[in-house]
Amino acid sequence: MAFAPMIMKVDLQTELTEQLNIEEVFGFDVGGTHIGFDESTVVSWIIMAALTLIAFILTRNLKVQGEISKRQALLELCYEKSVDFFKGLVGPKAERFIPWLMSMALFIGVSNIIGIFGMKPPTKSMQVTAAMALTSIVLVEYSAFSDKGFLGRIKAFTKPVWIITPINLLEILTKPLSLCMRLFGNVLAAFTIMELIKAFVPVAVPVVLSLYFDIFDGLLQAYIFVFLTALYLQESVEEEEPDPDKLKKRSEKAQRKAEKKSKKQAKKLTSENL
């Protein structure tokens, strides 16, 4: 019995090493350079192909007029609910990115739960989570520059005071790093917890808990990733609140101009009457 913790430790380390080790599936050489495709890449292709095929099957023979099928009614309901949810997050200016957000949510969700089909989830590879995080931050910055213009986006880094400009610039690095490490860490943590549970409790309990860690937690992490990306998009295009002092000065200036103009008109009318 004294060796049980040691054996469990070795087994857990072996499982973790196996899960973190992304092996090459196939590759070829081009001009002396080896090009390889690992497990995360191949599984990602399988997921994208499967989602594309499912989308093609579900969207066949859709009707614009007349009586629609139950399948189409369900698809429209799911789509409308999803669009309404994201509209509340990103606002009207970033609505054009909703299809991308929904596609990312589907891909991450399926990637996190594909382990129940015997495949290694792509999100257990930091390369995959880092690529998705970089894609998200590029989209965020693109939306910011396209909405505010180059000078407007550069000026936004100096808000609310110029002295915190370095901190605002640092967010360009910390945001994708946070998205990447949060997704990767939570997926790996769920696997570690399940291995510990399997080592200490009866067989029936891990089966029940796997429904949480393999399905619910995987979908939850997809929701968190897309939710944060949507918030970043909303922040990148939101309008700045006007400064009350500047508004007051502009109002006083406009009032003075109006008074000056009215005086000129009155003086002109007086001279004409004379």
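The basis for the numbers below is simple: all heavy atoms, side chains too, and nothing from hydrogens, waters or symmetry mates.
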Kindly write out the residues that satisfy side-chain hydrogen bond (donor to acceptor under 3.5 Å, both in side chains) with E76, not counting sequence neighbours, or none if the list is empty.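 Result, side-chain hydrogen bond (donor to acceptor under 3.5 Å, both in side chains) vs E76: Q72.
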
Apply side-chain hydrogen bond (donor to acceptor under 3.5 Å, both in side chains) to N61 and list each qualifying residue two or more places apart in sequence or on a separate chain.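 N61 satisfies side-chain hydrogen bond (donor to acceptor under 3.5 Å, both in side chains) with no other residue.
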
Does any pair with a residue in residues 136-145 pass side chain to side chain donor-acceptor pair (under 3.5 Å), and if so which ones, sequence neighbours excluded?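 Every pair satisfying side chain to side chain donor-acceptor pair (under 3.5 Å) with a residue in residues 136-145: E141-R153, S143-S236.
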
Is there any side chain to side chain donor-acceptor pair (under 3.5 Å) pair reaching into residues 98-112, and which pairs are they, with sequence neighbours excluded?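 Every pair satisfying side chain to side chain donor-acceptor pair (under 3.5 Å) with a residue in residues 98-112: N112-T123.
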
Which pairs pass ring pair (Phe, Tyr, Trp, His ring centres under 6.0 Å) with one or both residues in residues 59-93, sequence neighbours excluded?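 Pairs touching residues 59-93 that pass the test: F85-Y223.
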
Same cluster for [X] and [Y] if Ile/Leu/Val/Met/Phe/Trp/Tyr side chains link at under 4.5 Å?
X: I108; Y: F216; result: yes
X: F117; Y: V128; result: yes
X: L134; Y: F97; result: no

Qualifying residues under salt bridge (charged side-chain N to carboxylate O under 4.0 Å, His left out), relative to E235, sequence neighbours excluded: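 Counting only residues at least two positions away or on another chain, E235 forms a salt bridge (charged side-chain N to carboxylate O under 4.0 Å, His left out) with K175.
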
Sequence neighbours excluded, which residues qualify as side chain to side chain contact (heavy atoms under 4.5 Å, CB included) partners of E95?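 Counting only residues at least two positions away or on another chain, E95 forms a side chain to side chain contact (heavy atoms under 4.5 Å, CB included) with K87, P92, I98.
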
Listed by chain and number, what are the side chain to side chain contact (heavy atoms under 4.5 Å, CB included) partners of T59, not counting sequence neighbours?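 Expected list: L62.
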
Does any non-hydrogen side-chain atom of V83 lie less than 4.5 Å from one of M102?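 The answer is yes, as the side chains (C-beta and beyond) meet within the 4.5 Å cut-off.
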
Check whether any side-chain heavy atom of M132 sits under 4.5 Å from a side-chain heavy atom of P122, and report yes or no.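 With C-beta onward as the side chain, the pair stays apart.
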
Donor-acceptor side-chain pairing of N168 and T165 below 3.5 angstrom: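 T165 and N168 do not have a side-chain donor-acceptor pair below 3.5 Å.
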
Can you list the other members of the hydrophobic cluster that holds F150, where links are side-chain heavy atoms under 4.5 angstrom apart?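 Taking Ile, Leu, Val, Met, Phe, Trp and Tyr as members, F150 shares its hydrophobic cluster with F145, L151, I154, F157, L169, I172.
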
Heavy-atom pair of closest approach, residues L179 and A133: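 Closest pair (atom of L179, atom of A133, distance): CB-CB, 3.9 Å.
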
Determine the minimum heavy-atom distance between C180 and T129, stating which atoms define it.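 Smallest heavy-atom distance, with atoms named: SG-OG1, 3.4 Å.
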
Could you tell me the separation between the [atom1] atom of [X] and the [atom2] atom of [Y], rounded to the nearest 0.5 Å?
X: T229; Y: L139; atom1: OG1; atom2: CG; value: 8.5 Å
X: M104; Y: L101; atom1: CE; atom2: CG; value: 8.5 Å
X: L228; Y: L233; atom1: CG; atom2: CG; value: 11.0 Å
X: K159; Y: I164; atom1: NZ; atom2: CD1; value: 10.5 Å

Are more than 12 heavy atoms, taken from residues, nucleotides or ligands other than L173, located less than 6.0 Å from that residue's CG atom?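 Yes, enclosed.
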
Other residues, nucleotides, ligands: >12 heavy atoms within 6.0 Å of E171 CD: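 For E171, atom CD is crowded (more than 12 foreign heavy atoms under 6.0 Å).
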
Name every donor-acceptor pair, under 3.5 Å, that has one atom in a side chain of residues 44-54 and the other anywhere in the protein, sequence neighbours excluded.
from: S44; atom 1: OG; to: S40; atom 2: O; distance (Å): 2.7
from: T52; atom 1: OG1; to: M48; atom 2: O; distance (Å): 2.7

Which donor-acceptor pairs under 3.5 Å do the side chains of residues 183-190 make with protein atoms, sequence neighbours left out?
from: N186; atom 1: ND2; to: R182; atom 2: O; distance (Å): 2.6
from: N186; atom 1: ND2; to: Q221; atom 2: OE1; distance (Å): 3.4

Can you pull out every salt bridge (charged side-chain N to carboxylate O under 4.0 Å, His left out) where at least one residue sits in residues 43-63? Sequence neighbours excluded, please.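 Not a single pair qualifies under salt bridge (charged side-chain N to carboxylate O under 4.0 Å, His left out).
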
